[in-house]
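In each ligand, atom 1 is the first atom listed, and ligand 1 is the first ligand listed. If you're wondering where the values come from, they're calculated on a predicted model, not measured in any experiment.
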Amino acid sequence: MSQRPATPEEALLRHWGYDSFKPLQRESLAAALAGKDSLVVLPTGGGKSLCYQLPAAMGKGLVLVVSPLIALMDDQVAAAREAGLAADSLHSNLGAEAKREAYRRLASGKTELLYVSPERLLAGDLLQDAAERLVLAAVDEAHCVSHWGHEFRPEYRRIAEVLERFPKAARMALTATATPAVQEDICAQLALRSPLRLIGHPDRPNLVYRAGPRRDQAGQVLAVVRNHPGSGGIVYAQTRKDVERLAAGLQKAGVSCAPYHAGLPAEERRRAQDDFVNERLDVVVATIAFGMGIDRSNVRFVVHANTPRSVEHYQQESGRAGRDGDPAECVLLFAASDLAVHRSLSRLDEGLTPERQRAIEKQLREIGRYAVAPVCRHRLLVEHFGAPYAGADCGACDVCLGETKSLPAEDARLTAKKVLSAAWRAGGRFGTTYVAHLLLGRADERMTRNGHDALAVFGLLKEQGEPAVRSWIDQLIVQGFLEVAEGEYPLLRITDAGKALCKDQGAVRLGVPAAVAPRAKKKKKSKALARDTGSGLMPDEELFERLRALRRALAAKRGVPPYVVFHDSTLAELSALKPASLDAMRGIKGIGESKLERYGAAVLAVIAGKEPT
Ligand code: ADP
Ligand code: MG
C-alpha cells in the first residue's frame, strides 16, 4: 500500500476494516510508537496481534514478533498479508526457497513484520541488516518465560540477551493468562525497562461456562456436541485411550470428528489439524497436545471430558472457544479421581522441588474448587487472575443460569455433617464408593461384615440419590474437609477441618449440580440467524451459506484457512446488509482495503445471486 495511514484510526479501518479499537489496543500502540516497553495482558480474542501489527501498518519500521508456535505462525503471516502488510516468518519448518525469499525481502528493507521462533532468534545474526529499522520487538505468549505459569519454555529465558543488542527498539510482551506472579516474572525475565502495564480484564463474556460431576462421560460429551450441530468444537480428554474411545463413540453417532494425540502418526495428526482449521471437520477429540497450533476463530464449544491440571490450563484450553466474540460454550466434566491422577503423575517427576510440588497441590485444589463450588464461574476465573468481577449475576454459567443450585447455608451444614460423620465412622479405611453406599443405605457383604449397616449414618442420604452424594463428597474434598489418602487404594479420610465442622466450627458451601450436558435445547434453525450482526438486521440464512461456500473456495485458492479470509460475523453482516457496490461494502466490519480489492467483486457477485466461480 503506497500511502501510509496518518492516524491509528485510519490504519485500523484501512487495513482491517474495523472502526473502533478494542480495549488497550490504542494504548499499546502509543507505547510502541513512543519507544516505551509494555506488558500487554488481554484475554484470548482480545486482539493482541493488532497491538504489534499496528505500528507496522503505520509504516514506522520493522516489527519483530517472537512466537513459540510455529504452526500458528504461518496462519498469522497469512492473516497479516491479507490485511496488506509485508509479513514474513523465519523458523525451522520453512522450505529453503521460502526462507531465501524471506531473507531477501528482509535485507532489501521491504519487510514490515517478521515472525521468528525463539530458537531462530537465539541462533543469532538474524537482524544484522535490519537492526536500524527495528522499532518494536514483541514477545507473544510471553507466559512461556515463567516457571509459575504453564508451558514453560527454557529458550524464552534467553530472549532478553538478544534484545539487549537492539537497545533502541521498544519491547512488548503479550499474554492472555497471567496471574500477578507471572506478570512479574515476565517483566523480569524479558528485562522490560520500566514497562507500561496494560492489563485488560480477563473475563470472556461471550463464553457460557458449565461445570459439574462426570457421570457418563461419553453420553455427556455427545449431548454437548449435539447442542452445536455442524459447528466447530474441541473435546479434551486425559489419555490416548480416552481420546480413541470418545472419538469412536462420536463417529458412531454420526459426528464429523477425528482423534488427535501424540501416539498417532504425524501425518494423521497434521491432517486432523488441517481439516479442522479448514472447516472440513467439525470436532477434534484430543489430549492437550492439540490447540497450541490452531487459531480457528469460530470454535463454538470446548468440552473437558476430564478435569484439567490447573485453572491456567483450563482458561487457556477453554479460551480457544469463541475467539470471534460470538457466543460459545465451555463445559467441564469433573471427577475428584482426575485430581488424584494428576497428583500421582506429578509425583513421578523426581526433579520436582518441594516448592514446586506445593504449587502443584495448590493448582489442583483451585481447579477442583472451580469445578464444584456453587459460585459464578466467570467470577471464579476472573478473580483467579487477580481482577475484580463487578456483576452479581453473569447470566452465562450453570450457577447463574440456575442449573446448579446452592443449598441454603443451614442445609449445607447439616448435609456436610452427615457426609463427614459417615467418613469418620468408616475410619479412613474405605474409599469414596464405600462411603457413598453407606450414606445411600446400600449394604453389600463387606459392609454387613463390618457392621456398618447398623450405624446411624446408614442410609441417611438415601433420598438424595447417588449423583448428589458423590458430588458432595467431591465438594467436601476440594474444600478440605475430606481428603483422599495416597496408597495402594485411595481411602477417604476426614481432616481436622472436617472434624471441626462436625462440631459446628467453620463454614461450608454445597451445591446441587444439575446434569451437565444441558438438556437438548430447542435449536435455532440456523447458525447465521443466531448471530447478532450489530446492525439490528437479521442475516439472510441462505445467503450466509452461499457466502460461506465462497469463503471456502477463496481460502482454498489462496491456501489459507477460511477464517483468515473473513470471520463468520463479517459474512453474517454481509448477508444482512447485502451491499450492492464496493463502496457500500467498505462500511462492513472486517473488510479493509486489501480484502475489498481482493474479494470485493466475488462477494458482490454472490450477493447478486451468481454462483461462486
Ligand atoms: P488474541 O491474540 O488476543 O487472542 P487476536 O489478535 O487473534 O486475539 O484477535 C482476535 C480477533 O479479534 C481477530 O479475529 C481480530 O481480527 C479481531 N480484532 C482485533 N482487533 C479488533 C478490533 N479493533 N475490532 C474488531 N475486531 C478486532
Ligand atoms: Mg494471539
For [X], is the nearest heavy atom under 4.0 Å from an atom of ligand 1?
X	result
Ser20	yes
Pro43	yes
Ser297	no
Leu42	no

Proximal atoms of ligand 1 relative to [X] (non-hydrogen, under 4.0 Å):
X	result
His567	13 (C), 14 (O), 16 (O)
Lys589	25 (C)
Thr44	4 (O)

Just to be sure I'm reading this right: ignoring hydrogens, which of [options] gets closest to [atom]? Compare them by their nearest heavy atoms.
atom	options	value
atom 4 (O) of ligand 1	Gly200, Gly325, Gly45, Ser569	Gly45
atom 27 (C) of ligand 1	Phe21, Tyr18, Tyr52	Tyr18
atom 11 (C) of ligand 1	Gln76, Arg323, Lys48	Arg323

So which protein heavy atom does [atom] come closest to, and at what separation?
atom	answer
atom 9 (O) of ligand 1	Gly47 CA, 3.5 Å
atom 20 (N) of ligand 1	Gln25 NE2, 2.9 Å
atom 12 (O) of ligand 1	Lys22 NZ, 3.6 Å
atom 6 (O) of ligand 1	Ser49 OG, 2.6 Å

Should Thr44 and Arg204 count as side-chain neighbours, where that means a heavy-atom distance under 4.5 Å? yes
Can you find a heavy atom in the side chain of Arg210 that is under 4.5 Å from one in the side chain of Leu401?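 When only atoms from C-beta onward are counted, Leu401 and Arg210 do touch, with a gap below 4.5 Å.
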Set of residues satisfying salt bridge (Lys or Arg N to Asp or Glu O under 4.0 Å) with respect to Asp74, sequence neighbours excluded: none
Check salt bridge (Lys or Arg N to Asp or Glu O under 4.0 Å) between Arg323 and all other residues, then give those that pass, not counting sequence neighbours. Asp295
Determine whether the side chains of His91 and Ser117 contain a donor N or O and an acceptor N or O closer than 3.5 Å.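 Note: His91 and Ser117 side chains miss the donor-acceptor criterion.
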Parallel, tilted or perpendicular: rings of [Y] and [X] (30°, 60°):
X	Y	value
Tyr314	Tyr370	tilted
Tyr389	His201	tilted
His228	Phe301	parallel

Are there over 12 heavy-atom neighbours, none belonging to Lys589, within less than 6.0 Å of that residue's NZ? no
